[in-house]
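The structure appears right after this line, and notes come after that.
Both ligands and their constituent atoms are indexed starting at 1 by order of listing.
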Amino acid sequence: MKTLLQINAGIQGEHSQSSILADKLAEALLSNAHGCRHIKRDLSVNPIPHLDHGTFQAFADPAAAKTPRHKAGLALSDTLIAELKQSDTLVLGSPMYNLMIPSTLKSWIDYITRAGYTFQFSESGPVGLLQGKKAFVIIAQGGKFLGTSADLETPYIQMTLGLIGITDIEFIYAEGMAMGPESADTGRQEAFNKISAFSL
Ligand SMILES: Cc1cc2nc3c(=O)[nH]c(=O)nc-3n(C[C@H](O)[C@H](O)[C@H](O)COP(=O)(O)O)c2cc1C
């Protein structure tokens, strides 16, 4: 059975543009993919804790998890990685907060980027272990940074997903969300138009 994993990272609840667009995209993709399983995580509702040293040590050596906190962190990492491994398609709703991805999304990345599980080291550098997946990344931003040196999110997400082997990535941008209602409408519409062109 095919599986679509959706991660929403916006903190603005029902006003979160990246979440609204990620929901629309997931709905559009699922409408064409009968029987496709949908796993959805809203990181603002169920945040991933910041990674700490003991949990990180347990990632490499699960027997090293001695405290309840480290055991829970290890179990969470196992669950998040299992969700990702099962998935054929990843939909990521990522706002721009203070020029970058939200810290909640960074925590998710910290829990799924795990040596021996989602990537491994080789003589020529790290090799991603999650090959053959397709990712859709929706970036909502207050200003318009696409194609400028201030767009730090696109290369960062490309690098982090690439590290674990996900290189087939479609980026969808909703720009100008904080530049007045007209600009927000235009940015949203452009993103909607792009979304409607995709299917599984
Ligand atoms: C905490 C916070 C920080 C923000 N920082 C930026 C920023 O650095 N640059 C920018 O263009 N817009 C910034 N914005 C505006 C958001 O990018 C915009 O509201 C976008 O719609 C966020 O996605 P969301 O609606 O899914 O939350 C920020 C918004 C918030 C709430």
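- Donor-acceptor pairing under 3.5 Å is recorded for the side chains of D151 and T154.
- Residue pairs meeting the salt bridge (charged side-chain N to carboxylate O under 4.0 Å, His left out) criterion with at least one partner in residues 83-98, sequence neighbours excluded, are R41-E83.
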Criterion ring-ring contact (aromatic ring centres under 6.0 Å, His included) on Y111 and F59, from CA distance to verdict: CA-CA 9 Å; Y111 277 73; F59 285 181; 5.7 Å; yes
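- At a 4.0 Å heavy-atom cut-off, the residues surrounding ligand 1 are Q12, H15, S16, Q17, S18, P95, M96, Y97, N98, L99, A140, Q141, G142, G143, F145, M177, listed by chain and number.
- Taking 4.5 Å as the limit, every side-chain heavy atom of Q12 sits out of range of all side-chain heavy atoms of Q17.
- Counting only N and O atoms by type, the side chains of Q6 and D42 include no donor and acceptor under 3.5 Å apart.
- Taking hydrophobic clusters as Ile, Leu, Val, Met, Phe, Trp and Tyr residues chained together by side-chain heavy-atom distances below 4.5 Å, L4 shares a cluster with F198.
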